[in-house]
Amino acid sequence: MLIVLSIGGSILANELRPESFRGYASVLEQLAKEHRVIVVTGGGAAARDYISVARSTGANEVECDYIGIDITRLNAKLLISALADRAYPEPPSDYKKAQEALSSGKIVVMGGVIPGQTTDAVAAILTEYLSADLLVIATAVDGVYSADPRKDPAAIKYETMSAKQLVNTVMATEMKAGSKSPVDPLAAKIIERCNIETIVMEGSDPTNVYDVVLKESNKENDKKVVHRGTRITS
Ligand code: UTP
């Protein structure tokens, strides 16, 4: 299988610790023995801090996005370091270069590409562009909820949902100030438009990601329920 894995900055690099990068590197090495893998890393706290300072000093939103992209690429470089020669040596700067890099047979790790989106959208677009079999969004929450569970105790978690439901849920969550959904609206729209098989899951422990991919690749297993996650179907 060709797998696109989006690793949220909030789980990989909220605190910059070598263990987080080593943990993912070791799981990716295992996965790459059986699958082709392309990883998109998020920005995390550093991206937010840099963007906040840039905004305060007068940068416009597109300039802030470029700074965010640089941080996502720095996180990609840290993961590449942890993977050593198992990884393609540079984060590709666009989707076409990512496709070329994949033909090296190495694990490809990249960050953001253009302003106006987040790395979830990069991962969704890559999945469609490369005709990947599966998109896994590893994030800080254990799936998609009907509302932000930190703000609404009545929020319920979806075990499975359609892409259309995902779009509606994400839009409703995003409308409330300060709320943050595990999938950004553009990514949700792309997942819907392209019928992308997607799993949104809690990814602070990379071995959970390994287990989910293993289960997905074993066609005989009952794949309906994703441990600590939500399955999005077309
Ligand atoms: P992230 O995708 O990491 O966004 O990119 P995030 O909301 O901080 O998500 P977490 O924390 O990883 O879960 C960081 C910032 O980089 C810019 C955006 O400003 C984004 O908020 N960015 C990223 C882009 O402009 N384009 C991209 O393709 C990717």
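When a ligand or atom number is given, it counts from 1 through the structure's own listing order. Note: hydrogens, waters and symmetry copies are ignored here, and every other heavy atom, side chains too, is used. The chain is numbered in sequence order, starting from 1.
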Item to check | Pro182 side chain near Val200 side chain, heavy-atom distance below 4.5 Å | outcome: yes
Next on the checklist: With a 4.5 Å cut-off on side-chain heavy atoms, are Ile11 and Ser20 touching?
Outcome noted: no
[X] heavy atoms, cut-off 4.0 Å: which ligand 1 atoms fall inside?
X: Gly112; answer: 27 (C), 28 (O), 29 (C)
X: Gly116; answer: 25 (O)
X: Gly43; answer: 1 (P), 3 (O), 12 (O)
X: Gly44; answer: 11 (O), 12 (O)
X: Val122; answer: 28 (O)
X: Pro115; answer: 25 (O)
X: Gly42; answer: 3 (O), 12 (O)

Item to check | Residue part near ligand 1, for Thr118, under 4.0 Å between non-hydrogen atoms | outcome: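 Answer for Thr118: both.
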Do any N/O atoms on [X] end up under 3.5 angstrom from N/O atoms on ligand 1?
X: Ile114; value: yes
X: Asp65; value: yes
X: Gly8; value: no
X: Gly9; value: yes

Next on the checklist: I'd like to know if Lys189 pairs up with Glu192 as an ion pair, taking the criterion as any Lys NZ or Arg NE/NH1/NH2 lying under 4.0 Å from an Asp or Glu carboxylate oxygen.
Outcome noted: yes
Checklist entry - Is Lys96 salt-bridged to Asp94, cutoff N-O under 4.0 Å? => result no
Item to check | Residue pair Tyr145 / Asp142, side-chain donor-acceptor N/O under 3.5 Å | outcome: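 Yes, Asp142 and Tyr145 have a side-chain donor paired with an acceptor closer than 3.5 Å.
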Next on the checklist: Is it the case that atom OH in Tyr129 sees more than 12 heavy atoms from other parts of the structure closer than 6.0 Å?
Outcome noted: yes
Checklist entry - Is Tyr50 atom OH crowded by more than 12 heavy atoms from other residues, nucleotides or ligands, each under 6.0 Å away? => result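 For Tyr50, atom OH is not crowded (no more than 12 foreign heavy atoms under 6.0 Å).
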Item to check | Pairwise salt bridge (charged side-chain N to carboxylate O under 4.0 Å, His left out) hits with a residue in residues 51-75, at least two apart | outcome: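 Matches after skipping sequence neighbours: Arg55-Glu61.
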Item to check | Pairs touching residues 7-29 that satisfy salt bridge (charged side-chain N to carboxylate O under 4.0 Å, His left out), sequence neighbours left out | outcome: Arg17-Glu19, Glu29-Arg86
Checklist entry - atom 1 (P) of ligand 1: which of Thr119, Asn75, Thr139 has the nearest heavy atom? => result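 Answer by nearest heavy atom: Thr119.
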Checklist entry - Of the choices Gln117, Met110, Arg48, which has the non-hydrogen atom that lies closest to atom 23 (C) of ligand 1? => result Gln117
Checklist entry - Taking a hydrophobic cluster as the set of Ile, Leu, Val, Met, Phe, Trp and Tyr residues connected by side-chain heavy atoms closer than 4.5 Å, whether directly or through intermediates, do Ile80 and Ile69 fall within one such cluster? => result no
Checklist entry - Hey, is Ile51 one of the residues with a heavy atom under 4.0 angstrom from ligand 1? => result yes
